[in-house]
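Report on the structure given below.
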Amino acid sequence: MPPPTPVTPMIRDVLEASLRSALDSVGVQPPETIELERPARREHGDWSTNVALALAKAAGTNPRELATRLVAALEADPPRHVERVEVAGPGFVNFHLAPTWLHEVLTEVVTQGEEGYARHDFGNGERVQVEFVSANPTGPIHVGNGWFASYGDSLGRLLERCGYEVTREYYVNDTGGQIRRLGESVLARRAGRPLPEGGYPSGFVKGLASAYDGPEDVEQAGRWAAEHILRFIKVQLEAINIHFDEWFSQASIEESEAVEETIEELRKSGLVWEEDGAIWLDTGAHGDPRGKRVLRKSPEQGGDYTYLAGDIAYHRNKFLIRGFDRVINVWGADHQGQVASLKAGVAALGVDKDRLEVRIGQMVSLSSGRIGKRLGNAVDLDDLVEDVGPDVMRVLSLVASIDQAPTIDLEKVRADSKESPVYYVQYAHARIHSIGKRASELGVTRAPLDEVDLSPLTHERELEVLRTLSTLPEVVELACVERAPHKVTAWVRELADRFHSFYHDCRVLGDDVPPATTQARLWLVEATRVGLAIGLDLLGVAAPESM
RNA sequence: GCCCUCGUAGCUCAGGUGGACAGAGCGACCGCCUCCUAAGCGGUAGGCCGCAGGUUCGAAUCCUGCCGGGGGCACCA
């Protein structure tokens, strides 16, 4: 869906254009890009530029002098909404805008709505696959998997909002030793034998074993169990509002000719050779510090294809068979060592390795020694979700960057779940609906926006809400480009914060509120609702109408 | 040893593609409900932004080194 045309030219563009002509008029060559930022401090205005700092040297003057001349030029022909321009500090040029620019923001938000506001098209319909979680189906997924699940899903939502066509994929390791060990565990449990070396001790597997009534065959028992486990993993993920488009079977790669075909194709690169009975790939040619990797083991080692060979075949399928323009894999830091080899493999297939992006999330760990009621050393995702709810879980995992290695204190999380930032945000959303309800009880109806005068919106609390709202398009863009959904979390908290303050200080309804003010505020409230709805949706969290 | 990543307030973290006196939540302390949900609001206390150099008009942010935490360097997946 293409983003709607802005109702008015963005203020930023207006300011930039004026700055260019101002630079021209003082005889300074305007730079390619003019930096315009929103100062951290209110008294520094609504927008600020450092051009004078940056260009003073080239202009043969000092920053404040240049800034002063720029201000004079700007004052001669002030841009729309600009109330005052001033030189500040070492040579910043600060723009102080009239509230009218924020009234335009309000109009923008409301007319574009949940669908349109802060939507971008720079993705150009590029087909992106986001592969995440992909945990082995040898037991329920745990809290750490859930962390990356939230991340991957929200990243997908951001990409969609920015014009990419997203496919969410879970790579199912349903093959080989993994499955055989699982089968052995099931059979051993069923027969009451001790678990084999490397077996799966979880209660879940134990439970499955008692339900298994198939033959005493390791493969079959393993497949059967994996299917059941996978079904449960789906339930766990759906419980936190995550739905995959594709559950891609590793067996489908390894049991077809795909790996052989891939190696044949790799040979064309001239980077494949045989040595000591094994097949090797020169990964160093494409930047892998390890230099070379085995694709097929020597006969003495069993003669199997390596995991890497299968993985390259899988990525050949992604790029060359299914034709994704870009692939983003979300991996835990424990897989970091695979990145360079895989990228080299992809490059050897003739695919630009920049089309493969691997986001490494740092390891999630649990602080409490006592981790779960079940055997094993992980806490199942559903156990936590059952206690704190999906929204707390999702936001908890989306407050920090994935470059942080969180240590989760589950006791604390459970005890403090009521204090979760989600509720702070959701409460703001609920309050908005409460205002709507109250309005209809009072028989107050909101007039059409184009008939409402927004000029009563001058209270600092009102303006703060609008300033935050004005920021969402850039936040969404940045969060998407940087693959950083936690920036949305921060924004949504800020908006809720501003709204709560407004709610406290500015009454929307009541006998002592002038009708014109009520009308304008009702629209301010609606704009806030739109902003919260967009933000919460990007986080995959509910926007409740009451709490 | 080499590579990746982190080190910001008591705790959990924002900010990090350089900018103007360092932010939030929780915790602590003090206030605020005859009024649209107090899951809220306002205020106070609390930080040589790991350490040392360097680049720059300007560094929490960039570079180098060191210290500390996590992860990785298989013919394992």
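Labels below follow one simple rule: chain letters A, B, ... track the order of the sequence lines, proteins then strands, and each chain is numbered from 1.
Under the side-chain hydrogen bond (donor to acceptor under 3.5 Å, both in side chains) criterion, A/R296 pairs with no residue at all, not counting sequence neighbours. Listed by chain and number, the residues in a salt bridge (charged side-chain N to carboxylate O under 4.0 Å, His left out) with A/E482 are A/K487 (sequence neighbours excluded). Taking A/S501 as the reference, nothing meets the side-chain hydrogen bond (donor to acceptor under 3.5 Å, both in side chains) condition, with sequence neighbours excluded. For A/H44, the side-chain hydrogen bond (donor to acceptor under 3.5 Å, both in side chains) criterion is met by no residue, not counting sequence neighbours.
Aromatic stacking of A/F92 on B/rA20: satisfied, with centres closer than 5.5 Å and planes within an angle under 30 degrees.
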Only distances under 3.5 Å count here; give the side-chain donor-acceptor pairs of residues 509-518 of chain A to other protein atoms, sequence neighbours excluded, each with its distance to 0.1 Å.
from   : atom 1 : to     : atom 2 : distance (Å)
A/T518 : OG1    : A/V508 : O      : 2.8

Enumerate all atom pairs, one protein N or O and one N or O from nucleotides 10-12 of chain B, separated by less than 3.5 Å.
none

Atom pairs, protein N/O to nucleotides 43-50 of chain B N/O, distance under 3.5 Å:
none

Please list each protein N or O that sits under 3.5 Å from an N or O in nucleotides 68-70 of chain B, with the distance.
from   : atom 1 : to     : atom 2 : distance (Å)
B/rG70 : N2     : A/Q362 : OE1    : 3.3

What pairs of nitrogen or oxygen atoms, one from the protein and one from nucleotides 28-32 of chain B, lie under 3.5 Å apart?
none

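Residue pairs satisfying the salt bridge (Lys or Arg N to Asp or Glu O under 4.0 Å) criterion with at least one member in residues 514-526 of chain A, sequence neighbours excluded, are listed as follows: A/R446-A/E526, A/E462-A/R521, A/E526-A/R529.
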### Task
Any chance you could list the contact pattern along nucleotides 55-64 of chain B? Use B for base contacts, S for sugar-phosphate-only contacts and - for none, protein heavy atoms under 4.0 Å, 5' to 3'.
--S-------
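Secondary-structure stems of RNA chain B, taken as three or more successive Watson-Crick or G-U wobble pairs (i with j, i+1 with j-1) under a 3.5 Å distance threshold, comprise B:1-7 with B:67-73, B:10-13 with B:23-26, B:28-32 with B:40-44, B:50-54 with B:62-66.
Taking the P atoms as reference points, B/rG71 lies 33 Å from B/rG25, given to the whole Å.
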